[in-house]
Amino acid sequence: MFSKPIAKLRSSPIQLMAERTRVALREGRSVVDMTLGEPDFPTPQHVGEAAIRAIVTGETRYTPVNGSVRLREAIARKFQRDNAIPCTPADITVGCGGKQVIYQAFLATLEPGDEVLIPAPYWASYADIASMHGGVLKSLATSPDAGYALQPQTLETAITARTKWLVLNSPSNPSGTAYTAAQLSAFAEVIRASRHQNFLVLVDDIYEHIVFDGAPFATLAEVAPDLRQRILTVNGVSKAYSMTGWRVGYGCGPRALIDAMTKIQMQINSHTSSVSQAAAAAALEGPQDEVRNRCQVFQHRRDLLLRRFDAIPQLHTPRPGGAFYLFPDVRAFLGRTSPNGRVIGDDMALASYLLDEGVAVVPGSGFGMPGFIRLSYATSDDRLHLAADRLATALQRLS
Ligand SMILES: Cc1ncc(COP(=O)(O)O)c(C=O)c1O
């Protein structure tokens, strides 16, 4: 009944673990849920008020498919202000979340067998969306010792005549790896020098505003303006403004690509809600101090959790530069046995065991990196301490 690409589509391991966690919580078990990639803060008040105003004043009709002019103007100003990327509303398309923008970019360009290069660990949706459209995932290895940063030589050797896309996501979900301008320049150098010049670069900046230790955020289209005609920069309001449910994401890139993506969107959902678009414009144009304060809170939580994790023997946790995830190396614990005699053979078994012990995490294999786990620290200090207590006890009890 199903087409080949759809038949092999997996359920997202994040959603599977989140669902198992919901079931456990419904059963009344005490679980610290660290599975979801969603800030725990409310949407800023002025954003909600802008949405209410949009409803009351009748901004409730169809907008242009690529997004309202007001929102695209706000996005163009944002790219100029934050990223020094000059663009006009015509270079931008707005989708129902960054996810839809990525979906349309791949649908617009991928032919069966085209390679999509993605540094691992990666957000699983890149691989799944690419494979839905016939793309072939080429996972680029990184190491925890290098903070999961892609090395230019790895990129260089991975590019072939079949390469259609390179995906760069910084700060990264799930590792939190944040590239500096110098690291991005090194990638740009590899791209320029490659024998193969027919591929595009998807730059996913959705965690742009969650960068720690005062490090400046950098993006490829800023450090390599000569490559702009090959770069699709994707961003959105979900993570920066705690607006995951509003479903607004956007992309800025070469006009022909943006137009093709918009044509596709016209036949899917036309556009995201007009009210959400008004809210997103208010978020981008309004005061940004709450965004900075929330970044400080995330940094504090990262430090808290890292201190606790570093005290757990044999748990190796690279220090992330941004986002709100830790991605510890748990390979030292695999092959051990739980107190009830279950062998913890892989990261999936470990995630199941940890859920039973009251901490819900996502196995790294869901991000193309078995032997690791991802924990989202978008929760309160008390919950983080509880999670660290439970994790330490659970790992200690493995023999
Ligand atoms: C790396 C990355 N990119 C894009 C998205 C998509 O976010 P949204 O569709 O809410 O804009 C997510 C959401 O988890 C993400 O982690």
Side-chain angles (χ1 to χ4, degrees), residues 12-18 33-41 43 47 67 71 75 78 92-107 116 118-130 137 142 148 150 165-179 201-211 217 219-220 232-253 261 265 268-269 271-273 276-277 279-280 283-284 298 320-327 362 364 366-369 374-378:
S12 147
I14 308 175
Q15 293 308 330
L16 284 178
M17 279 313 290
D33 185 0
M34 303 184 84
T35 59
L36 285 178
E38 177 160 65
D40 53 324
F41 306 113
T43 297
V47 173
L71 176 55
I75 294 166
K78 174 258 173 288
I92 292 163
T93 192
V94 175
C96 196
K99 192 179 266 179
Q100 181 169 17
V101 176
I102 296 166
Y103 186 96
Q104 288 163 180
F106 284 173
L107 176 55
V116 180
I118 317 181
Y122 49 75
W123 185 48
S125 291
Y126 302 130
D128 291 339
I129 296 171
L137 162 71
T142 68
Y148 305 107
L150 174 67
W165 283 96
L166 162 67
V167 177
L168 293 175
N169 169 218
S170 167
S172 149
N173 172 10
S175 66
T177 306
Y179 291 119
V201 190
L202 172 67
V203 175
D204 182 345
D205 288 347
I206 198 106
Y207 294 95
E208 163 178 14
H209 293 294
I210 312 173
V211 178
F217 173 79
T219 188
L220 191 68
L232 175 68
T233 305
V234 175
N235 209 322
V237 294
S238 289
K239 317 287 175 173
Y241 302 96
S242 301
M243 291 178 67
T244 45
W246 297 80
R247 309 312 300 133
V248 182
Y250 50 87
C252 167
M261 291 161 60
Q265 184 164 296
I268 302 180
N269 54 351
H271 57 77
T272 196
S273 147
S276 291
Q277 292 186 50
L284 293 171
F298 280 128
F324 40 76
Y325 310 103
L326 293 185
F327 199 69
V362 186
F367 305 96
M369 199 136 171
R374 187 195 78 171
L375 302 97
S376 160
Y377 49 85

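Atoms within each ligand, like the ligands themselves, are counted from 1 in listed order. We use all heavy atoms of the structure for the numbers below, so side chains are in, but hydrogens, waters and symmetry mates are not. Note that the numbering runs from 1 along the sequence shown for the chain.
Proximity of a side-chain donor or acceptor of Y179 to a complementary backbone N or O of L150 within less than 3.5 Å is detected. A donor-acceptor pair under 3.5 Å is formed between the side chain of Q265 and the backbone N or O of V94.
In terms of N/O distances under 3.5 Å, ligand 1 is not approached by T244. The distance criterion of under 3.5 Å between nitrogen or oxygen atoms is met by G98 with respect to ligand 1. An N or O contact shorter than 3.5 Å links R247 to ligand 1 by distance. For S238, a nitrogen or oxygen atom sits less than 3.5 Å from a nitrogen or oxygen atom of ligand 1, counting backbone and side chain alike.
To the nearest 0.5 Å, atoms CZ (F327) and CZ (F367) are separated by 6.5 Å. Taking OH of Y126 as the start and CG of L137 as the end, the distance is 12.5 Å to the nearest 0.5 Å. For the atom pair T93 OG1 and I75 CD1, the distance stands at 9.0 Å (nearest 0.5 Å). A distance of 11.5 Å separates CG of L232 from CG of L220, quoted to the nearest 0.5 Å. Here the CH2-CG distance, from W123 to D204, works out to 6.5 Å after rounding to the nearest 0.5 Å.
When Q100, K239, K99 are checked for heavy-atom proximity to atom 13 (C) of ligand 1, K239 turns out nearest.
Of all the atoms in ligand 1, the ones that sit under 4.0 Å from a non-hydrogen atom of N169 are 1 (C). Short contacts between ligand 1 and D204, defined as distances under 4.0 Å to a heavy atom of the residue, involve ligand atoms 1 (C), 2 (C), 3 (N), 4 (C).
Using a non-hydrogen distance threshold of 4.0 Å, G97 registers as a contact of ligand 1.
Nearest protein neighbour of atom 6 (C) of ligand 1, counting heavy atoms only, is W123 CH2, 3.6 Å. Regarding atom 7 (O) of ligand 1, its nearest protein heavy-atom neighbour is I206 CD1, 3.9 Å.
Of all the heavy atoms of Y250, none lies under 4.0 Å from any atom of ligand 1, so neither backbone nor side chain is involved.
The aromatic ring centres of Y325 and Y207 sit less than 6.0 Å apart.
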